[in-house]
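Counting begins at 1 with the first residue of the sequence. All values derive from a computational prediction rather than experimental measurement.
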Amino acid sequence: VNPLIALTVNGSEALVNWGSTVSTAIRTAGERRPESIVSQLVVQKLYRGRLVAVEFDRSDSAILGLVLTGGESLSWK
């Protein structure tokens, strides 16, 4: 059993614990305040073998609680 999942954060592979959230992955990438980048955040999840954008309210930090399953891509400027 592998307790880590792989995802892409700002173009680089990152490993986080299984069950981690978007917030955890952002912190792992070095951003100290994930809520400060929600307006610039792009989240993509695997759907039918390809990455598709997750649509969310950029004025609400609820996306930070999304549980990751592996293969996602997170990016911000």
Side-chain angles (χ1 to χ4, degrees):
V1 174
N2 187 354
L4 299 176
I5 58 172
L7 60 141
T8 303
V9 179
N10 283 336
S12 299
E13 184 178 62
L15 297 174
V16 296
N17 290 322
W18 185 81
S20 292
T21 63
V22 169
S23 179
T24 304
I26 292 170
R27 282 192 180 97
T28 299
E31 181 64 46
R32 299 182 95 187
R33 294 185 38 225
E35 62 279 353
S36 69
I37 58 123
V38 170
S39 64
Q40 304 147 9
L41 184 62
V42 175
V43 178
Q44 295 179 305
K45 287 189 70 72
L46 286 174
Y47 179 72
R48 295 188 177 188
R50 65 185 184 100
L51 287 172
V52 294
V54 175
E55 293 191 22
F56 61 95
D57 182 353
R58 297 197 187 295
S59 65
D60 185 356
S61 63
I63 189 70
L64 297 176
L66 179 69
V67 176
L68 302 169
T69 57
E72 290 89 352
S73 175
L74 310 176
S75 60
W76 63 92
K77 295 180 184 183

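The shortest side-chain heavy-atom distance between Leu4 and Asn17 falls under the 4.5 Å cut-off. In this structure, the side chains of Leu66 and Lys45 come closer than 4.5 Å at one or more pairs of heavy atoms. In this structure the side chain of Val22 reaches within 4.5 angstrom of the side chain of Leu41, judged on heavy atoms. The closest side-chain heavy-atom distance from Ser75 to Gln44 is not below 4.5 Å.
Closest heavy-atom contact between Ala29 and Val9: CB-CG1, 3.5 Å. Nearest heavy-atom pair across Ser20 and Thr24 is OG-CG2, 3.8 Å. The minimum heavy-atom distance linking Thr21 with Leu68 is given by the pair O-CD1, 3.5 Å. Heavy-atom minimum distance, Thr69 versus Ile5: C-CD1, 3.9 Å. When all heavy atoms of Asp60 and Val38 are compared, the pair lying nearest together is O-CG1, 3.6 Å. Leu46 and Gly49 get closest at one heavy-atom pair: CD2-C, 4.4 Å.
For the pair Arg58 and Phe56, the cation-pi criterion (under 6.0 Å, within 45° of the ring axis) is fulfilled.
The 12-atom threshold is exceeded at CD of Gln40, counting heavy atoms of other residues, nucleotides or ligands nearer than 6.0 Å.
Atom OG of Ser39 is separated from atom NZ of Lys77 by 11.5 Å, given to the nearest 0.5 angstrom.
Clustering ILVMFWY residues whenever any of their side-chain heavy atoms sit less than 4.5 angstrom apart, transitively, puts Val52 in a cluster other than the one holding Val54.
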